Enquirer: 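Quick one: structure below, then a few questions.
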Amino acid sequence: MSRGFRTLAALVLLAATACTTGPSLETQGEVTAPPGDSKELTIGSAGFTESDLLAQMYALLLERAGYSADIISVTNREIYEPALESGQIDVVPEYAATFADWLNAKANGADAAPVGSPDLAATMKALRALAAPRGLTVLDPGRAVDQNAFAVSASYAKEHGLKTLSDLGRAKLPVRLAAGDECVQRPYCAPGLKKTYGIDIVAVDPKGVGTTQAKQAVQNGQDQMVLTTTTDATLDQFGLVLLADDKKLQNADYVVPVVNRARAGSAGVRDALGRLNTVLTTADLASMNEQVDSWRRLPEDVARSYLEAKKLIPKG
C-alpha cells in the first residue's frame, strides 16, 4: 500500500498552532505522567531525502508492531518541534548533536554555549536533559551518523597519499575549500581544520554544503576539498572520496528517534524503532539516499526493500 505525505491543509494547521501549543516548561505535570501508547501515530519528516527515508522506515516498523502510522512532511524545525511537543506529531527522526544544540538555544538563548560534541554519551545526556521538560523522549541512537565530512578528488588523494584529514595537514598543501560562506567562522569548518589538523585553508569558496557546484569545483581542480556529509550518495559521480575525521572534529550527529512521551513514550514504540539500531549503518543510509536521488526510486519503496532485506518486516 502506498503511503503519501499529509496534505497542505495539515501543514497550514501546524504552522498556525505550533507557536501556541505544547507542554513546554509551563505544564510539568504532563512530563511526569505515565508514557502514552497511542495506536494511531503521526511521524514527522523534515522533507529531505534522508529524513523521508527514515520516516518511512519508522512507519513500516511501527505498523509491523501493530500501530497505525501516518507521515507528515514539515521542512522547518521551528514548526515541527513545537508540533512534536504538542502531540500533533508523535515521532521525528533527528540528529543528536544538532537537535541538542537547537533545544539548548531555544531554552537558553541563541548565544548559549553548545552542548553537542563529538562525545556521543555526553551529547545524549545533554539532549535528554533538554528534551524531558518539554515532554519529549529521545530513544537510543544506532550506528548511523550523518555529520559534516570533507572530500577530495580520488586522484588528489592518490597523488598525495591522503586517507585522513591528518594526512592532509601533514602534507602542508594549500587548500581552497568549497563550502557554505559560514564555514569561515564555524568551529567545525575552516577554523577547526586549521586548529585540529593544521590544514592550510587559503580560501573558502562559497558554493554551499555538498552542492553540485561545490563538488564540480573540486572535480575540476578549482578547489581542493569540499564540505559535504557522511551520507552523501553522489561522491563517486564526481570522482571524490571522503577523508576520515580521525581526530573527531565533527559532532556526534547520530540518528535518533524523538517521540512525544504522552502519546508515543511506550515500550512498544521504543522496541519497534529500536530494531533499526541493530542493522542501520551510515553506509546503508548513503546507499538508500542514492537510490532515491540518483535512481529516482520512491522513498517508501527503498525503505520497504531495505527492511525486507534485513528481515525486519515480512516480504510483500
Side-chain angles (χ1 to χ4, degrees), residues 6 14 18 21-25 27 30-33 35-38 40-48 50-62 65 67 69-107 114-116 120-147 251-277 280 285:
R6 193 80 67 79
L14 280 176
T21 59
S24 295
L25 304 180
T27 52
E30 295 185 26
V31 177
T32 57
D37 192 26
S38 173
E40 297 183 357
L41 300 175
T42 297
I43 301 167
S45 164
F48 57 93
E50 186 169 295
S51 190
D52 289 347
L53 283 163
L54 289 164
Q56 292 286 355
M57 286 190 285
Y58 288 3
L60 289 164
L61 289 169
L62 288 167
Y67 295 87
D70 193 13
I71 296 175
I72 185 169
S73 182
V74 188
T75 59
N76 191 321
R77 188 179 274 118
E78 283 77 8
I79 294 176
Y80 75 67
E81 189 279 330
L84 184 62
E85 290 186 28
S86 72
Q88 290 180 289
I89 294 175
D90 304 303
V91 185
V92 169
E94 265 291 356
Y95 300 92
T98 295
F99 197 48
D101 284 337
W102 194 88
L103 289 180
N104 187 44
K106 185 175 180 179
V115 295
L120 177 59
T123 296
M124 287 296 297
K125 181 178 179 179
L127 173 55
R128 284 171 165 156
L130 288 160
R134 298 186 177 277
L136 306 179
T137 297
V138 183
L139 305 185
D140 290 340
R143 292 182 287 166
V145 56
D146 186 352
Q147 59 193 165
N251 283 344
D253 261 330
Y254 284 75
V255 175
V256 290
V258 183
V259 304
N260 177 289
R261 185 178 187 273
R263 288 184 47 81
S266 68
V269 171
R270 182 191 67 226
D271 292 345
L273 298 182
R275 298 180 69 202
L276 196 58
N277 290 350
L280 186 65
L285 270 182

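A quick note: this is a predicted structure, and the numbers were derived from the prediction, not measured.
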Enquirer: Which atom names give the shortest non-hydrogen contact between G265 and P35, and what distance separates them?
Expert: O-CB, 3.2 Å
Enquirer: Apply side chain to side chain contact (heavy atoms under 4.5 Å, CB included) to residues L103 and V115 and explain how you reach the verdict.
Expert: CA-CA 10 Å; L103 289 180; V115 295; over 6 Å; no
Enquirer: How close do G44 and A55 get, counting heavy atoms only, and between which atoms?
Expert: O-CB, 4.2 Å
Enquirer: Would you check if the side chain of R263 reaches a backbone N or O of E40 as a donor-acceptor pair within less than 3.5 Å?
Expert: yes
Enquirer: Looking only at atom types and distance, does a side-chain atom of S266 sit under 3.5 Å from a main-chain N or O of D37, one as donor and one as acceptor?
Expert: no
Enquirer: For a quick test of reading the model, state the closest non-hydrogen atom pair linking S51 to P93 and the distance between them.
Expert: OG-CG, 3.9 Å
Enquirer: Working to the nearest 0.5 angstrom, can you tell me the gap between E94 CD and E81 CD?
Expert: 8.5 Å
Enquirer: What verdict does the side chain to side chain contact (heavy atoms under 4.5 Å, CB included) test give for T123 and N251, after you've listed the backbone C-alpha separation in whole Å, the side-chain angles of each residue and the deciding distance to 0.1 Å?
Expert: CA-CA 9 Å; T123 296; N251 283 344; over 6 Å; no
Enquirer: Just one of L273, L61, T137 clears the side-chain contact (heavy atoms from CB on, under 4.5 Å) bar with P257, so which one?
Expert: L273
Enquirer: Where is the tightest heavy-atom contact between V92 and I89, given as atom of each residue plus distance?
Expert: CG2-CG2, 3.6 Å
Enquirer: Using the rule given for side chain to side chain contact (heavy atoms under 4.5 Å, CB included), can you reason through I43 versus L62, listing the C-alpha separation, both sets of side-chain angles and the distance that settles it, and then say yes or no?
Expert: CA-CA 10 Å; I43 301 167; L62 288 167; 3.9 Å; yes
Enquirer: What is the minimum heavy-atom distance between Y80 and A46, and which atoms define it?
Expert: CE2-CB, 4.0 Å
Enquirer: Is the shortest side-chain N to carboxylate O distance from R128 to D140 below 4.0 Å?
Expert: yes
Enquirer: Roughly how far apart are L127 CG and W102 CH2, rounded to 0.5 Å?
Expert: 12.0 Å
Enquirer: Is the backbone of N260 close enough, under 3.5 Å, to the side chain of D90 for a donor and an acceptor to pair up by distance?
Expert: no
Enquirer: Compare all side-chain heavy atoms of L54 with those of L280 and state whether any distance is below 4.5 angstrom.
Expert: yes
Enquirer: Which heavy atom of K106 sits nearest to which heavy atom of P82, and what is that distance?
Expert: NZ-CG, 4.1 Å
Enquirer: Any chance you could measure D146, atom CG, to E50, atom CD, to the nearest 0.5 Å?
Expert: 4.0 Å
Enquirer: To the nearest 0.5 Å, what is the distance between CZ on R143 and CG on L276?
Expert: 10.0 Å
Enquirer: For the pair R77 and T98, evaluate side chain to side chain contact (heavy atoms under 4.5 Å, CB included) and give the outcome as yes or no after the intermediate values.
Expert: CA-CA 11 Å; R77 188 179 274 118; T98 295; 3.8 Å; yes
Enquirer: So do the side chains of L41 and V269 get within less than 4.5 Å of each other, counting heavy atoms only?
Expert: yes
Enquirer: Do you see a donor-acceptor pair shorter than 3.5 Å between the side chains of Y95 and D101?
Expert: no
Enquirer: Looking at CG of L136 and CG of L84, how far apart are the two atoms once the value is rounded to the nearest 0.5 Å?
Expert: 5.0 Å
Enquirer: Can you tell me how far apart OG (S86) and CZ (R134) are? Round to the nearest 0.5 Å.
Expert: 12.5 Å
Enquirer: Just to verify, which of V256, V259, V258, D271 counts as forming a side-chain contact (heavy atoms from CB on, under 4.5 Å) with L139?
Expert: V259
